[in-house]
Amino acid sequence: MLRPYAVLGFPAFDLSLVRVGDDWYRGQLETDGSVLCRAMYGTDLGEVVRGT
């Protein structure tokens, strides 16, 4: 279980970005309010948004 510092939600894209420490994770928001993270994308938010 991660303890996020920030969560950015983009419901139109079924995408959530979660920041834990300096790292960003991508995932999707679940109906209970949790986020199912699929992958860690590093510290560069731009790269996370692009999915690279």
Side-chain angles (χ1 to χ4, degrees):
M1 178 183 299
L2 301 173
R3 301 262 183 224
Y5 173 77
V7 177
L8 305 175
F10 303 92
F13 301 103
D14 194 26
L15 172 68
S16 293
L17 306 177
V18 178
R19 183 176 176 197
V20 179
D22 290 333
D23 295 320
W24 284 96
Y25 295 77
R26 286 179 62 140
Q28 66 189 52
L29 186 63
E30 298 293 306
T31 56
D32 66 358
S34 64
V35 177
L36 176 62
C37 293
R38 295 184 291 266
M40 192 266 289
Y41 281 82
T43 59
D44 186 328
L45 181 57
E47 289 181 10
V48 176
V49 170
R50 288 187 298 275
T52 58

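The residues of the chain are indexed from 1 along the displayed sequence. Heavy-atom basis, side chains included; hydrogens, waters and symmetry copies ignored.
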- [ ] Please name the pair of heavy atoms, one in Leu17 and one in Phe10, separated by the smallest distance, quoted to 0.1 Å.
- [x] CD1-CE1, 3.8 Å
Open item on the list: How close do Gly9 and Ser16 get, counting heavy atoms only, and between which atoms?
Closed with: CA-OG, 4.1 Å
Open item on the list: Taking Val48's backbone N and O only, do any of them form a donor-acceptor pair with Arg26's side chain (distance below 3.5 Å, no angle check)?
Closed with: yes
Open item on the list: Closer than 3.5 angstrom, by distance alone: can the side chain of Arg19 be matched with the main-chain N or O of Gly21 as a donor-acceptor pair?
Closed with: yes
Task: Val7 side chain reached by Leu29 side chain, heavy atoms, under 4.5 Å - done: no
- [ ] Spell out, yes or no, whether Tyr41 and Leu8 are grouped together once hydrophobic residues are joined by side-chain heavy atoms under 4.5 Å, including indirect joins.
- [x] yes
Open item on the list: I'd like to know if Phe13 and Val49 are part of one continuous hydrophobic network [Ile/Leu/Val/Met/Phe/Trp/Tyr, side-chain heavy atoms within less than 4.5 Å].
Closed with: yes
Task: Qualifying residue, where the test is side chain to side chain contact (heavy atoms under 4.5 Å, CB included) with Met40 and the options are Val18, Val20, Asp23 - done: Asp23
